[in-house]
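As structure tokens, the structure follows; a few thoughts come after it.
Bear in mind that the values here come from a model prediction, so they are computed numbers and not experimental data. Both counts, for ligands and for their atoms, begin at 1 and track the order of listing.
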Amino acid sequence: MSENQREAALQYARKNKEKNLSALKEILTIPSVSTDPAHASDIRHAAEWMAAQLRALGMQKVQVFPTTRHPIVYGEWLGAGEAPTVLIYGHYDVQPADPLDLWNTAPFEPTVRGDSLFARGASDMKGQAVAAFKAVEALVKTGGLPVNVKWLLEGEEEIGSPNLEGFIADHKTLLACDFAFNPDSGMIGKEYPTITYALRGLAYFELRITGPEHDLHSGIYGGVVHNPAHALAELVAGMHDSKGRVALPGFYDKVRKLSKEEREELGRLPTGDEHYLEQTGVPALYGEAGFTANERAGVRPTLDVNGMISGFTGTGSKTIIPAWALAKISMRLVPDQDPKDVHQQFIRYLELHAPKDIRWEVNVMAGGPASISDRNNAGVRAMAQALESVWGTRPYFRREGGSIPVVAQMQRMLEVESVISGFGLPDDNVHAPNEKQSLATWYKGIEALIHFFLNLNP
Ligand code: BES
Ligand code: MN
């Protein structure tokens, strides 16, 4: 029975490629940028779109739960009796699309060029969410789902999932499951199916330096006050030492030592230094001494300036000493670093190093701890087999440098593990102009997910 359904569901997905692509394009036209309050109604629209998809799939108890910011969408179908219950996670929000002038086609007008669909969110992660919808649809239409499913779709992932934690805590029974499936991650390469078993955490801050009460004439006052842009630059420069290590006091205290086995395993991934050079286009790589690029991006913590602003940045010239300077600074954390400790370390660094001739303040933005997931449960095995069925090769297991706060939240509050596997590629330009999703890979992904659900109830 299940083998017949496998063939029928795969055929269904193959026949409906165009329809599936249209559905993806539809959600990609909604600019659901979670960080920008101007897009609040788009976010609501996107949440309603997701809820409508769940209803169309025959899900029950479909509900859009408001939060203090962006809504959470829930739905379930529990008709598979004793079969496992999978909690499928997704986020329908996206990062801002700017700088807009660098997009070849408008970010919210999804456009196919070659094998790729270009749009903000195509890869991260509306594409992955719709792939899950379409795999479930193929099963629903060809005999029914082989497992019980619950859906948890949020609109705040790209701002650190601030309201998800409370929602999970308040709905533990509703969300009870055997494990979660999280497709918010990508593949190492087109021919390398990948299961992500660890994610870094995040601690994000805004550092504002203020000097004079207002901008000053740099001729009249140059040489008598500390320029806030200089002070900020000095502070930022001091955040790394000459070995590329983060110089916040105590930053490495809780960082686990990399085991020999893990080092060897990471060394076997097909992403050596050349991969990073090729993906980034920089003339040479940079980072903490004593670690490979793979290690630095996956198992070591880092600090980055995400943006800086100060003074006159318009066309032409203006001779001023700016009144203020601001940097957005985030740290990627590894197990067992605590974002709250890192906040204290950041403050301590500023107490120690900020000059007395300026004022500074720190605003806490997104944050969450890192996670390491179980690599050998029924869910992971079903996924590994599914990926192998479609790609003809066993998946790589890798540690991801990006962050997905819900994974640690579910471990802590629901005591469930996540199977993390999606179908984005390293050159998808996620969070950047011209984000795209490879369509060939996306269609394969839908087939892999059909296998995955069937493998869970053989
Ligand atoms: N899908 C990404 C996480 C990710 C990034 C997985 C790269 C695989 C490769 C997710 O949507 C994301 O970007 N998360 C944010 C979280 C942050 C705001 C807490 C991130 O990592 O910057
Ligand atoms: Mn993202």
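- Note on Glu48 versus Arg44: no salt bridge recorded, every NZ/NE/NH1/NH2 to OD/OE distance being 4.0 Å or above.
- Between Glu295 and Arg399, none of the side-chain N atoms (NZ, or NE/NH1/NH2) sits under 4.0 Å from a carboxylate O, so this pair counts as no salt bridge.
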Donor-acceptor pairs under 3.5 angstrom involving side-chain atoms of residues 364-386: please list them, not counting sequence neighbours.
unit_1: Asp374; atom_1: OD1; unit_2: Asn376; atom_2: N; d: 3.1
unit_1: Asp374; atom_1: OD2; unit_2: Asn377; atom_2: ND2; d: 3.4
unit_1: Arg375; atom_1: NH1; unit_2: Glu265; atom_2: OE1; d: 3.2
unit_1: Arg375; atom_1: NH2; unit_2: Glu265; atom_2: OE2; d: 2.7
unit_1: Asn376; atom_1: OD1; unit_2: Arg381; atom_2: NH1; d: 3.1
unit_1: Asn377; atom_1: OD1; unit_2: Gly379; atom_2: N; d: 3.1
unit_1: Asn377; atom_1: OD1; unit_2: Val380; atom_2: N; d: 2.8
unit_1: Arg381; atom_1: NH1; unit_2: Asn376; atom_2: O; d: 3.4
unit_1: Gln385; atom_1: OE1; unit_2: Asn455; atom_2: ND2; d: 3.4

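- The Mn ion (ligand 2) has Asp124 OD2, Glu158 OE1, Glu158 OE2, His431 NE2 as protein N, O or S atoms under 2.8 Å away.
- When ring centroids are compared, Tyr349 and Phe251 stay outside the 6.0 Å threshold.
- For Gln53, the side chain to side chain contact (heavy atoms under 4.5 Å, CB included) test picks out Trp49, Phe133, Lys134, with sequence neighbours left out.
- A salt bridge links Glu76 with Lys61: the distance from a Lys NZ or Arg NE/NH1/NH2 to an Asp or Glu carboxylate oxygen falls below 4.0 Å.
- Around ligand 1, the residues contributing at least one heavy atom under 4.0 Å from the ligand are His91, Asp124, Glu157, Glu158, Gly160, Asp184, Ser185, Leu202, Arg332, Glu400, Gly402, Ser403, Ile404, Pro405, His431.
- Between Lys19 and Glu137 there is a salt bridge, with a side-chain nitrogen of the basic residue lying less than 4.0 Å from a carboxylate oxygen of the acidic one.
- A salt bridge is defined here as a Lys NZ or Arg NE, NH1 or NH2 lying under 4.0 Å from an Asp or Glu carboxylate O, and Lys190 with Asp115 meets this definition.
- Ring-plane geometry between Phe181 and Phe453 is classed as perpendicular, the angle between the planes exceeding 60 degrees on a 0 to 90 degree scale with a lower cut at 30.
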